[in-house]
Amino acid sequence: QVQLVESGGGSVQAGGSLRLSCAVSEITGVTYTMAWFRQAPGKEREFVAVISRSGSITNYADPVNGRFIISRGDVKNTINLQMNNLKPEDTATYYCNIVESLRNLAPIGSWGRGTQVTVSS
């Protein structure tokens, strides 16, 4: 399975911003549809945002729509998540993965270690 590596988490106060990055850990000729997910303590992992292979189409979960921006990086199969106006409820471990499609968010790759985001009030 494809491995994913996330980076960029940290601790901020409410209203602050963070930028996360994710990369596929192996060189491949395939361009993947990729997505961000998050898991808060005691809760199930949930979808955050997805981006098409070309980067021209993005979709967001309602809680982050208008505050987060997913984008493709300059290197193939890398994505970023710009998180603005962060709220305490955004506190979670953030993961990326490759998914079947924009409509089918079933993860295909192996889950990485994630990156922790902590937002204080």
Side-chain angles (χ1 to χ4, degrees):
Q1 277 188 315
V2 175
Q3 305 288 326
L4 289 301
V5 180
E6 304 91 351
S7 62
S11 297
V12 296
Q13 291 190 327
S17 299
L18 282 173
R19 183 178 176 85
L20 308 183
S21 296
C22 164
V24 171
S25 63
E26 60 192 55
I27 298 174
T28 173
V30 179
T31 301
Y32 299 110
T33 301
M34 299 180 70
W36 285 99
F37 300 81
R38 67 185 182 186
Q39 186 168 20
K43 295 187 177 181
E44 292 189 354
R45 187 154 22 207
E46 64 178 6
F47 163 75
V48 174
V50 63
I51 189 165
S52 64
R53 289 178 292 176
S54 68
S56 62
I57 301 173
T58 57
N59 290 321
Y60 298 90
D62 287 344
V64 308
N65 196 22
R67 300 187 296 121
F68 290 11
I69 301 172
I70 187 172
S71 62
R72 299 206 75 102
D74 293 335
V75 177
K76 191 174 187 177
N77 289 324
T78 63
I79 59 172
N80 303 300
L81 186 68
Q82 177 67 40
M83 304 186 296
N84 300 318
N85 190 22
L86 282 160
K87 303 176 180 181
E89 52 263 43
D90 294 319
T91 296
T93 301
Y94 284 70
Y95 302 87
C96 66
N97 213 321
I98 57 177
V99 296
E100 292 278 357
S101 69
L102 292 173
R103 294 186 177 183
N104 182 356
L105 299 174
I108 297 175
S110 297
W111 292 106
R113 300 177 68 176
T115 185
Q116 178 66 36
V117 171
T118 302
V119 185
S120 58
S121 57

Test salt bridge (charged side-chain N to carboxylate O under 4.0 Å, His left out) applied to Glu6 and Arg113, step by step: CA-CA 7 Å; Glu6 304 91 351; Arg113 300 177 68 176; over 6 Å; no
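For the residue pair Gln82/Asn84, the side-chain donor-acceptor check at 3.5 Å is satisfied. Side-chain N/O atoms of Thr93 and Gln116 include a donor and acceptor closer than 3.5 Å. Of the N and O atoms on the side chains of Ser110 and Gln1, at least one donor lies less than 3.5 Å from an acceptor on the other residue.
For Thr78 (side chain) and Cys22 (main-chain N/O), no donor-acceptor pair under 3.5 Å exists by modelled atom type. The backbone N or O of Ser101 lies less than 3.5 Å from no partner atom in the side chain of Thr33, so there is not a single donor-acceptor pair. Here the side chain of Asn97 pairs a donor or acceptor atom with the backbone of Gly109 at under 3.5 angstrom. Judged purely by atom type and a 3.5 angstrom limit, Arg45 has no side-chain atom pairing as donor or acceptor with the backbone of Gln39. Checking side-chain atoms of Ser121 against main-chain N and O of Pro88 turns up no donor-acceptor pair under 3.5 Å. Side chain of Lys76 to backbone of Gly29: a donor-acceptor contact under 3.5 angstrom is found. Looking at Asn77, its side chain never comes within 3.5 Å of a backbone N or O of Arg72 through a donor-acceptor pair. When atom types are taken as modelled, the side chain of Ser52 and the backbone of Ile57 share a donor-acceptor pair closer than 3.5 angstrom.
Using cut-offs of 30° and 60° on the angle between ring planes, the pair Trp111 and Phe37 is perpendicular.
A cation-pi arrangement is absent between Arg53 and Tyr32, since the terminal nitrogen or guanidinium carbon is not both under 6.0 Å from the aromatic centre and inside a 45° cone about the axis.
Separation of atoms CD1 (Ile70) and CE (Met83) is listed at 12.0 Å; rounding is to 0.5 Å. Separation of atoms CD1 (Ile98) and OG1 (Thr31) is listed at 11.0 Å; rounding is to 0.5 Å.
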